[in-house]
Amino acid sequence: MFVRNYSVLILFFLIGGISIAQKLNPGDGVRLTFLNITDEISGDYFIQQDGNIQLPYVGLVFTHNKDYLLIRDEIILRYDSLYRAPQLTVQPLYRINVLGEVRVPGFYYVTDVERISGLLALAGGLTADAVTDEIIIVRDDREITVNTKSIFEKGDTFSDLGLRSGDRIFVPRSWWVDARNAAVIVSAIAVVVTIVGLFVR
């Protein structure tokens, strides 16, 4: 059973954010962007089940039980020894499961600088039945409700929210939809009861 927390607990995310002991898991990855290297090695590379990332020219980088910042520094150091002063940016790639009232639920890869609005757009946008002012981030056995209006106005990124590998983003269904469906069911039951009553007489 999930323990539901409210948007004030956004502080929990900030405390546990990417800059503090953030780890990447198999299925996550890194995005390499070289600005001054002609070799075509910029791209996305993913962690295998054994915890390794296979990178061009520098081989395997072991990631298991390492903080992301250590992984990033090791990658930069390896390419620094291969190229002269490479202008390299390394970003984490999180495999995030988007669930609920979106048009195309599923897994998506995002970096720490992307916005919630961008991820929801990747998932096809919200359905007509979605709650539009909040999302729920599910982490382990906890639910953290986040006010999306505030996020969209400020342009918060996943880093601002303290995204973690394995988090799930759930877009809830409007209570009005459930109430409307319940009303339809009650009406149908009433019709059935009326028809049965006519035959019983």
Side-chain angles (χ1 to χ4, degrees), residues 2 5 9-35 37 39-80 82 86-100 102 104-124 135-144 146 148 151 155-171:
F2 292 127
N5 301 288
L9 291 183
I10 192 74
L11 180 62
F12 173 82
F13 269 84
L14 296 177
I15 293 173
I18 185 171
S19 62
I20 304 175
Q22 173 61 47
K23 292 182 172 60
L24 299 177
N25 296 317
D28 295 329
V30 293
R31 175 168 293 168
L32 306 186
T33 305
F34 289 88
L35 299 180
I37 302 298
D39 293 335
E40 296 183 2
I41 54 178
S42 293
D44 298 342
Y45 301 92
F46 299 97
I47 302 173
Q48 305 303 312
Q49 289 302 314
D50 61 3
N52 286 308
I53 304 178
Q54 178 74 48
L55 298 177
Y57 305 128
V58 298
L60 296 176
V61 175
F62 189 63
T63 67
H64 180 66
N65 209 30
K66 285 185 180 179
D67 294 348
Y68 162 70
L69 295 180
L70 293 177
I71 298 170
R72 182 199 64 185
D73 290 347
E74 180 176 349
I75 292 172
I76 292 173
L77 183 63
R78 289 201 190 186
Y79 279 108
D80 190 58
L82 184 65
Q87 296 178 22
L88 169 61
T89 299
V90 182
Q91 294 173 288
L93 277 177
Y94 302 107
R95 187 172 182 256
I96 300 298
N97 196 3
V98 184
L99 305 167
V102 291
V104 190
F107 289 96
Y108 295 90
Y109 288 97
V110 296
T111 70
D112 57 332
V113 298
E114 294 181 73
R115 292 178 169 80
I116 290 285
S117 57
L119 177 58
L120 295 179
L122 283 176
I135 60 171
I136 297 170
I137 301 180
V138 182
R139 174 177 297 169
D140 299 326
D141 60 347
R142 295 181 295 275
E143 289 185 1
I144 300 178
V146 181
T148 53
I151 289 174
D156 282 347
T157 66
F158 285 114
S159 180
D160 296 326
L161 293 179
L163 181 76
R164 290 186 184 181
S165 173
D167 286 349
R168 289 165 286 167
I169 293 179
F170 178 76
V171 179

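- If you take CG on Leu119 and CD1 on Ile96, they are separated by 7.5 Å, rounding to the nearest 0.5 Å.
- Within the 4.5 Å cutoff, the side chain of Ile47 has heavy atoms near those of the Leu24 side chain.
- From Leu70, atom CG reaches atom OG1 of Thr63 across 11.5 Å, with rounding to the nearest 0.5 Å.
- Here the OG atom belonging to Ser42 is positioned 7.5 Å from the CG atom belonging to Leu35, to the nearest 0.5 angstrom.
- Leu32 contributes atom CG, which lies 12.0 Å from atom CD1 of Ile37 (distance to the nearest 0.5 angstrom).
- Between Leu60 and Arg78, the shortest heavy-atom distance links the atoms O-NH1, 2.7 Å.
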Quick one: do Tyr45 and Val61 satisfy side chain to side chain contact (heavy atoms under 4.5 Å, CB included)? Show the steps, please. CA-CA 11 Å; Tyr45 301 92; Val61 175; over 6 Å; no

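- By the 6.0 Å contact criterion, CD on Gln87 is enclosed, its count of non-hydrogen atoms from other residues, nucleotides or ligands being greater than 12.
- Arg95 has no carboxylate O lying under 4.0 Å from a charged side-chain N of Asp28, or vice versa, which leaves the two without a salt bridge.
- The nearest pair of heavy atoms linking Glu143 to Ile136 is CB-CG2, 3.7 Å.
- Side-chain contact between Arg72 and Val30 is absent, with no heavy-atom pair separated by less than 4.5 Å.
- Here the CD1-CG distance, from Ile144 to Asp167, works out to 8.0 Å after rounding to the nearest 0.5 Å.
- Taking both residues in full, the closest heavy atoms of Val102 and Ala123 are given as CB-O, 3.8 Å, listed atom of the first, atom of the second, then distance.
- Remark: side-chain polar atoms of Asp67 are not paired, donor with acceptor, to backbone N or O of Leu69 under 3.5 angstrom.
- When all heavy atoms of Tyr68 and Val90 are compared, the closest pair comes out as OH-O, 2.8 Å.
- Between the Ser165 side chain and the Lys23 main chain, no donor and acceptor come within less than 3.5 Å of each other.
- Between Pro56 and Ile41, the closest heavy-atom pair is CB-CG2, 3.5 Å.
- With a 4.5 Å cut-off on side-chain heavy atoms, Thr111 and Leu93 count as touching.
- Between Phe46 and Tyr109, the angle of the ring planes lies from 30° to 60°, which puts this pair in the tilted group.
- The shortest non-hydrogen separation linking Pro92 to Tyr94 is CG-OH, 3.7 Å.
- For the atom pair His64 NE2 and Asn52 CG, the distance stands at 11.0 Å (nearest 0.5 Å).
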